[in-house]
Protein chains: 2
Amino acid sequence: MAEEAFGIRAGEVAVALPEKFDAGVYFIGRIHTPWTRREDGPKNARESDAVCTIEVDPRYAAALTGVESCSHLLVLYWMDKSRRDIVLQVPRHYGVQRGTFALRSPARPNPIAMSVVRLMRVDGTKLVVVGLDCLDDTPLLDIKPYFASTDAVADAVVGCHMERRQ
Amino acid sequence: MAEEAFGIRAGEVAVALPEKFDAGVYFIGRIHTPWTRREDGPKNARESDAVCTIEVDPRYAAALTGVESCSHLLVLYWMDKSRRDIVLQVPRHYGVQRGTFALRSPARPNPIAMSVVRLMRVDGTKLVVVGLDCLDDTPLLDIKPYFASTDAVADAVVGCHMERRQ
């Protein structure tokens with residue numbers, strides 16, 4: 001436990017992480033957004049209609065075949081500016097203690113974010129999308145087709161957030 | 001390119017991967033399912049009402065605070081049995097060539113799967129859920145609350161799959 005460590009707010013709790021990683025990830029591209037500082041970004045992706053660009057490493061160009069037929073995509077990216085050892089957090093906009101796995105905060109053991117985006121167009125290895133709220137130059141991990149049949153649950157509830165992220 | 005390499009079907013294309021990883025992940029738990037061989041699993045998660053168990057490493061127990069108030073969760077896990085270098089694939093059930101980023105196949109540069117699950121109950125550091133289709137003992141990467149407001153897109157379309165994963 002290191003509750004007083006740098007970067008932790010009152011009420012937040014950190015744990016000792018394992019000594020080594022179990023697997024490695026490749027950054028397969030970069031995400032370009034209008035936001036260079038965390039305080040400039042939208043509180044969540046639905047608050048912004050900003051058009052963002054996903055630049056995929058040309059190495060993986062062929063892997064984009066068929067992506068243009070998707071109206072929406074799942075985008076996984078790496079939030080590399082965050083601490084990974086915080087298990088209880090006190091988000092500023094809630095003011096109460098929450099478990100990391102009950103939050104979408106970038107601070108988590110594996111700082112992998114998932115956003116659903118609307119695909120506007122594909123331009124070579126660039127995807128023009130709406131629905132991201134990450135910082136400019138965020139590393140890209142994966143792109144997947146969004147299937148309403150398995151991914152959309154319209155009546156899902158998050159009780160401790162009063163049914164929605166604020 | 002290594003189109004004839006072991007584990008590649010006719011029409012599939014692999015690329016050379018980068019020489020080293022850009023970041024590391026921790027396995028934060030294990031997923032227990034009824035399936036020990038890929039050929040026994042359901043074709044997709046909606047085909048199965050199987051009850052599965054997510055066992056979180058006790059190190060992260062506090063991070064589960066509040067998770068019990070979620071009706072649905074996003075579960076990220078590591079599909080460690082898959083090749084990572086295939087950019088064009090020929091899934092058996094389609095029979096035609098598709099880009100990796102237009103598929104939910106486990107073979108991808110970063111073999112991170114995302115499933116939406118229904119949370120039945122929390123029992124200490126075990127989560128009992130419905131909606132997974134992975135193999136028994138799959139490494140867990142992350143658990144996130146599912147927000148209908150940002151994650152549910154009921155009218156999303158995947159043209160090249162005729163609107164749904166079969």
Side-chain angles (χ1 to χ4, degrees), chain A residues 13 15 17-18 21-28 44-46 59-60 62-67 69-72 74 76 78 80 87-88 98-104 108-110 112 114 116 139 141-161 164-165, chain B residues 13 15 17-18 21-28 44-46 59-60 62-67 69-72 74 76 78 80 87-88 98-104 108-110 112 114 116 139 141-161 164-165:
Chain A
V13 176
V15 295
L17 289 170
F21 296 123
D22 295 294
V25 295
Y26 302 113
F27 296 164
I28 64 164
N44 73 57
R46 281 280 165 107
R59 174 196 305 268
Y60 307 107
L64 290 169
T65 307
V67 164
S69 75
C70 300
S71 69
H72 293 76
L74 297 171
L76 301 185
W78 189 258
D80 55 354
V87 288
L88 281 168
R98 293 269 159 74
T100 290
F101 300 143
L103 294 167
R104 294 286 276 263
R108 49 208 317 118
N110 294 306
I112 303 167
M114 192 286 288
V116 179
L141 293 178
D142 200 9
I143 297 167
K144 301 177 189 291
Y146 182 97
F147 289 95
S149 56
T150 47
D151 301 323
V153 182
D155 58 352
V157 169
V158 180
C160 68
H161 296 247
R164 48 177 298 142
R165 183 165 54 160
Chain B
V13 175
V15 295
L17 290 170
F21 295 123
D22 294 294
V25 295
Y26 302 112
F27 295 164
I28 63 164
N44 74 55
R46 281 282 164 104
R59 173 195 306 268
Y60 306 107
L64 291 168
T65 306
V67 163
S69 74
C70 300
S71 69
H72 293 76
L74 297 171
L76 302 184
W78 189 257
D80 55 354
V87 289
L88 281 168
R98 294 268 160 75
T100 291
F101 300 142
L103 293 168
R104 294 287 275 263
R108 50 208 317 119
N110 294 306
I112 302 167
M114 192 285 288
V116 180
L141 292 178
D142 200 9
I143 298 167
K144 300 178 191 290
Y146 182 98
F147 290 96
S149 56
T150 47
D151 301 323
V153 183
D155 58 352
V157 169
V158 180
C160 68
H161 297 247
R164 49 176 299 141
R165 180 166 56 160

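Throughout, a chain's letter reflects where its sequence line sits, starting with A, and its residues are numbered from 1.
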Can you tell me which of [options] forms the most heavy-atom pairs within a distance under 4.5 Å of chain A?
options                              : result
B/Asp142, B/Val67, B/Asp155          : B/Asp142
B/Leu141, B/Ile28, B/Ile143, B/Leu74 : B/Ile143
B/Ala23, B/Gly66, B/Pro139           : B/Ala23

Between the side chain of A/Ser71 and the main-chain N/O of B/Val157, is any donor-acceptor distance below 3.5 Å?
yes
Salt-bridge present (B/Asp151, A/Arg104; N to O < 4.0 Å)
yes
In terms of heavy-atom pairs under 4.5 Å with chain B, the winner among A/Thr65, A/Thr100, A/Val25 is A/Val25
Against chain B, label A/Arg108 side chain, backbone, both or neither, depending on which of its atoms sit under 4.5 Å from a heavy atom there.
side chain
Engaged part of B/Leu88 at the chain A interface, taking heavy atoms whose separation is under 4.5 Å:
side chain
Residue B/Leu76 versus chain A: region with a heavy atom under 4.5 Å:
side chain
Considering all heavy atoms, the nearest [X]-[Y] contact:
X        : Y        : value
A/Leu64  : B/Phe101 : CD2-CD1, 3.7 Å
A/Tyr60  : B/Pro109 : CE2-CG, 3.7 Å
A/Ala156 : B/Tyr146 : CB-CD2, 3.4 Å

Which residues pass the side-chain hydrogen bond (donor to acceptor under 3.5 Å, both in side chains) test with A/Asn110, not counting sequence neighbours?
A/Arg84
